[in-house]
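Working notes, beginning with the structure itself.
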Amino acid sequence: MPRSEEAEWWANAVYEAIQEVPPGKVTSYGHIARLLGEPQRPRQVGVCLKVLASPESGSHFNSNTVPWQRIINSKGMISHRSGPGSAERQAEALAQEGVEVTTDSMGEMYVDFSRYGWFPSQLPSEGTDEQP
DNA sequence: TCTATGACCACAG
DNA sequence: CCTGTGGCCATAG
């Protein structure tokens with residue numbers, strides 16, 4: 001069984017799981033991995049989002065049909081990545097659907113899990129991460 | 001093939 | 001409350 005088929009199965013599962021996150025709520029990479037029965041692979045969830053197709057690509061799963069902005073890290077923080085400003089775009093997308101994003105003195109952006117977290121049938125094991 | 005890297009996470013000190 | 005460590009595994013070069 002080729003690795004590429006495995007990878008495709010995984011990516012599809014990730015995108016479908018993310019589509020279950022309701023508007024105005026957020027969850028973590030690790031929680032998506034746990035929902036799929038692969039608690040050891042939160043990193044691969046991030047990879048799937050990184051390679052998420054653009055809307056023009058015509059793919060069934062793209063950045064319009066998958067609410068990528070609702071996935072943040074286990075500390076409630078919007079993770080930064082290579083592209084400058086990408087974290088800011090995520091914060092803006094969240095604010096647009098009513099999620100309050102706070103910025104600390106270091107410029108890191110946080111979401112309050114106790115108000116906006118979505119963790120069905122389990123807690124994020126940290127549960128209450130608040131901003132100072 | 002092998003190495004390096006990374007939208008992560010839990011656990012030790 | 002820090003920083004470090006080990007684990008994970010698809011991608012890129």
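Chain identifiers are assigned alphabetically (A, B, ...) following the order of the sequence lines, protein sequences preceding nucleic acid strands; residue numbering begins at 1 within each chain. In this text the structure is predicted, and so the values were computed from the model without any measurement.
Nucleotide C:dC9 holds its P atom 12 Å from the CH2 atom of A:W9, rounded to whole Å. In this structure, A:K50 atom NZ and C:dA12 atom C1' are separated by 9 Å, rounded to whole Å. The nearest whole Å value for the distance from the CD1 atom in A:I32 to the P atom in B:dA7 is 18 Å.
With hydrogens and angles ignored, the 3.5 Å screen pairs a side-chain donor or acceptor of A:E97 with a backbone N or O of A:G24.
If you check every strand for non-hydrogen atoms under 4.0 Å, A:Q40 touches sugar and phosphate atoms only. Within the nucleic acid shown, A:Q90 comes within 4.0 Å of at least one base atom, counting heavy atoms only.
Taken from NZ in A:K50 to CH2 in A:W68, the straight-line distance is 15.5 Å, to the nearest 0.5 Å. In this structure, the separation between CD1 on A:I72 and CD on A:Q90 is 7.5 Å, given to the nearest 0.5 Å.
Listed by residue number, the members of residues 52-66 of chain A with any heavy atom below 4.0 angstrom from DNA chain B form an empty set.
In the displayed structure, A:E92 atom CD is contacted under 6.0 Å by at most 12 heavy atoms of other residues, nucleotides or ligands.
Each salt bridge (charged side-chain N to carboxylate O under 4.0 Å, His left out) pair with one or both residues in residues 52-65 of chain A, not counting sequence neighbours, would appear here, but there are none.
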Problem set entry | CA sep, side-chain torsions, deciding dist, call: A:T27, A:R70, side chain to side chain contact (heavy atoms under 4.5 Å, CB included) | CA-CA 6 Å; A:T27 193; A:R70 296 177 201 150; 5.9 Å; no

